[in-house]
Q: 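I'd like to ask you about the structure that follows.
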There are 2 protein chains.
Amino acid sequence: MRITVLAGGIGGARFLRGLKAAVGPADEIIVIGNTGDDIHLFGLKVCPDLDTVMYTLGGGIHEEQGWGRADETWSVKEELAAYGVGPSWFGLGDRDFATHIVRTQMLGAGYPLSAVTEALCDRWQPGVRLLPMTDDRVETHVVIEDPEQDGKRRAVHFQEYWVKLHASVPAQAILPVGAETAKPAPGVVEAIAEADVILLPPSNPVVSIGTILAVPGVREALVAAQAPVVGLSPIVGGAPVRGMADKVLEAVGVETTAAAVALHYGSELLDGWLVHTGDESAVAEVEAAGIACRAVPLLMTDLDASAAMARQALELAEQVRA
Amino acid sequence: MRITVLAGGIGGARFLRGLKAAVGPADEIIVIGNTGDDIHLFGLKVCPDLDTVMYTLGGGIHEEQGWGRADETWSVKEELAAYGVGPSWFGLGDRDFATHIVRTQMLGAGYPLSAVTEALCDRWQPGVRLLPMTDDRVETHVVIEDPEQDGKRRAVHFQEYWVKLHASVPAQAILPVGAETAKPAPGVVEAIAEADVILLPPSNPVVSIGTILAVPGVREALVAAQAPVVGLSPIVGGAPVRGMADKVLEAVGVETTAAAVALHYGSELLDGWLVHTGDESAVAEVEAAGIACRAVPLLMTDLDASAAMARQALELAEQVRA
């Protein structure tokens with residue numbers, strides 16, 4: 001079976017780990033990773049979501065944190081601070097720096113991001129084929145009214161909004177800068193067209209999955225896909241399971257409920273939707289929109305729980321296919 | 001008093017530390033640093049000699065090693081090796097990497113190396129004004145007959161010859177690639193013209209001092225300088241005190257003796273020369289060439305010894321001036 005998964009960072013990576021445990025050795029998983037949260041720091045190209053997937057599936061992730069490397073050291077960051085070179089709010093450890101150094105050097109030599117990602121995965125052996133959504137530069141910016149500048153409207157990089165400001169001010173708009181002229185990376189459209197099942201993990205529907213869908217051709221490929229498309233709600237009991245998805249949902253005018261997120265994706269795109277066992281009330285609303293919906297446990301507390309979620313998603317895919 | 005010093009790496013840095021201890025607070029030291037051993041590694045610009053001077057005078061050097069940072073960690077290097085990205089023979093620690101990251105980012109933003117060096121020194125406060133010999137790219141290459149390629153002649157980067165091959169094969173020629181079109185960095189010619197004393201520390205006469213002299217205008221400025229030019233022999237008892245200067249002296253047809261190095265610099269350039277107390281036999285030969293010469297202890301075993309050497313050099317400068 002060929003399973004294609006659109007993924008953001010931590011939530012996507014943990015779901016993928018469950019999916020790998022749930023499927024058989026003959027099944028193939030292709031991951032289309034969000035690159036809208038990529039950022040240039042210290043002259044280096046940092047791809048947080050791709051790396052979180054790669055490190056998590058390759059056994060290098062810092063488990064408690066969910067991002068960055070295990071057994072990390074922080075000498076480079078200390079030294080940059082001593083030089084007075086910022087920003088200091090983004091956590092780049094020494095081991096992580098090496099990934100960005102290799103990536104930046106390869107990009108500088110002319111390799112596209114998809115080839116670089118494949119080269120990095122040669123080491124990590126994540127057990128999935130990891131494709132960036134695009135080889136072109138896309139950077140999600142967030143429009144805010146900056147409290148430090150008398151409420152002046154300005155667009156900040158998503159990482160500045162998320163990591164530095166902790167989404168503490170309302171997002172007025174989410175702009176995937178560069179998306180409108182980006183092309184899907186080699187293999188992305190094919191992975192969607194030729195999949196047997198397509199899954200949307202409980203990643204952020206706006207700045208992770210939403211950014212992937214903003215690349216022209218990706219949404220169209222999903223709508224046209226033969227395979228059932230099944231998503232898992234990142235919203236449980238009216239709040240994000242993790243992170244601050246409510247902040248960016250508000251910016252796109254979507255309520256923070258499991259049902260509202262499904263309707264935001266829409267029945268054109270989505271064939272099935274899983275909500276958390278506490279959110280049974282959403283099932284009827286989602287099904288009324290023409291999307292098959294089940295309530296199952298959706299908390300990725302450990303690998304078994306994530307694998308069970310993946311099995312439920314695959315089961316729902318078979319039901320909507322039949 | 002304005003003292004201008006031409007310096008390579010470890011020997012130059014240790015001598016400068018002695019010089020700082022020997023002079024008064026009103027004296028100003030300008031260092032013209034060799035950049036011919038600069039190398040691009042992992043997409044980053046590494047300036048080993050400038051950094052050795054900066055770290056040594058700024059209190060960040062690894063004392064026993066003589067290069068690199070104290071309290072260093074090695075995570076980045078480990079990770080690069082895990083990615084299979086080389087070279088592995090050049091020792092870049094995590095703290096050191098931060099310097100190269102800052103430098104590369106500033107160069108990428110358009111700052112010349114001299115401005116970058118000044119910015120890095122803002123942190124280290126080396127107590128001297130450190131100027132790269134040039135803002136242009138100069139890289140010393142060494143022609144060898146490569147034993148790994150059936151003795152085929154090829155030019156390797158100086159660092160490959162020195163650090164990877166440990167100068168284990170004869171150097172056929174030393175090529176300061178790019179030097180012929182390089183311009184002295186801002187302040188270099190002025191530092192020579194306006195100095196009260198000019199010193200050549202016991203640095204490598206070919207690949208350190210020699211490379212600085214290869215930048216058009218530098219040798220001419222030294223020859224024209226009003227100030228006495230006094231050098232210290234890096235050769236003691238017919239062998240380099242440190243490193244493998246004999247290998248590169250051979251390539252330029254100069255014997256590994258204290259006298260031969262003085263004559264290689266020449267009386268046009270050099271007004272005074274210090275040899276080691278064991279090398280009294282050189283004094284007559286050097287003086288016969290019109291260069292004032294004294295035999296004094298020239299082993300930089302500790303700060304006091306280095307300071308004493310600096311005092312001897314300044315004393316000889318006063319004698320030749322009078």
Side-chain angles (χ1 to χ4, degrees), chain A residues 39-46 51 54-55 58-62 68-88 90 92-111 115-126, chain B residues 39-46 51 54-55 58-62 68-88 90 92-111 115-126:
Chain A
I39 185 167
H40 282 79
L41 292 170
F42 312 108
L44 301 173
K45 171 84 163 179
V46 180
D51 288 349
M54 185 172 79
Y55 294 159
I61 200 77
H62 186 297
R69 293 290 312 280
D71 304 316
E72 189 56 287
T73 61
W74 299 89
S75 299
V76 175
K77 190 175 161 73
E78 273 174 44
E79 293 296 318
L80 292 170
Y83 279 116
V85 172
S88 60
F90 200 85
L92 291 180
D94 298 332
R95 296 190 187 284
D96 201 18
F97 255 110
T99 300
H100 313 315
I101 289 170
V102 174
R103 175 186 292 122
T104 304
Q105 196 180 8
M106 285 190 73
L107 290 169
Y111 292 97
V116 174
T117 304
E118 199 179 334
L120 295 173
C121 284
D122 264 358
R123 169 190 174 188
W124 289 104
Q125 297 290 323
Chain B
I39 185 166
H40 281 79
L41 292 169
F42 314 107
L44 301 173
K45 171 84 163 179
V46 180
D51 289 349
M54 186 172 78
Y55 294 159
I61 199 77
H62 186 297
R69 294 290 312 279
D71 303 316
E72 189 55 288
T73 61
W74 298 89
S75 299
V76 175
K77 189 174 161 74
E78 273 173 46
E79 294 295 318
L80 292 171
Y83 279 116
V85 172
S88 60
F90 200 86
L92 291 180
D94 298 332
R95 296 190 188 284
D96 201 18
F97 255 110
T99 300
H100 312 316
I101 288 170
V102 173
R103 175 186 291 122
T104 305
Q105 194 180 9
M106 285 191 73
L107 289 170
Y111 291 96
V116 174
T117 304
E118 198 178 335
L120 295 173
C121 285
D122 263 357
R123 169 190 174 188
W124 289 104
Q125 297 291 323

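Note that this is a predicted model, so its numbers are computed, not measured. In what follows, every heavy atom counts, from backbone to side chain, and hydrogens, waters and symmetry copies are set aside. Naming: A, B, ... by sequence-line order, numbering from 1 per chain.
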Q: Run A:Thr99 and B:Tyr83 through side chain to side chain contact (heavy atoms under 4.5 Å, CB included) and show every step you take.
A: CA-CA 8 Å; A:Thr99 300; B:Tyr83 279 116; 2.6 Å; yes

Q: Drop me the distance from B:Arg95's CZ to A:Thr73's OG1, to the nearest 0.5 angstrom.
A: 9.0 Å

Q: For chain B, which of A:Leu120, A:Asp96, A:Asp71, A:Val85 has the most heavy-atom pairs under 4.5 Å?
A: A:Leu120

Q: Quick one, A:Glu79 and B:Arg123 - any side-chain contact, counting heavy atoms below 4.5 Å?
A: yes

Q: Side chain, backbone, both or neither: which part of B:Phe97 has a non-hydrogen atom closer than 4.5 Å to chain A?
A: side chain

Q: Check whether B:Val76 gets within reach of chain A through its side chain, its backbone, both or neither, counting any heavy atom under 4.5 Å.
A: both

Q: Could you have a look at B:Gly108, B:Ala82, B:Gly43 and say which one has the most heavy-atom pairs with chain A under 4.5 angstrom?
A: B:Ala82

Q: Would you find more than 12 non-hydrogen atoms of other residues, nucleotides or ligands less than 6.0 Å from B:Glu72 atom CD?
A: yes

Q: Given that the side chain runs from C-beta out, which part of A:Trp74 has a heavy atom under 4.5 Å from chain B: side chain, backbone, both or neither?
A: neither

Q: Tell me, yes or no, whether the heavy-atom count around A:Tyr111 atom OH, taken from other residues, nucleotides or ligands under 6.0 Å, exceeds 12.
A: no

Q: So, taking the atom named CG in B:Leu44 and the one named OG1 in A:Thr104, what distance separates them when rounded to the nearest 0.5 Å?
A: 8.5 Å

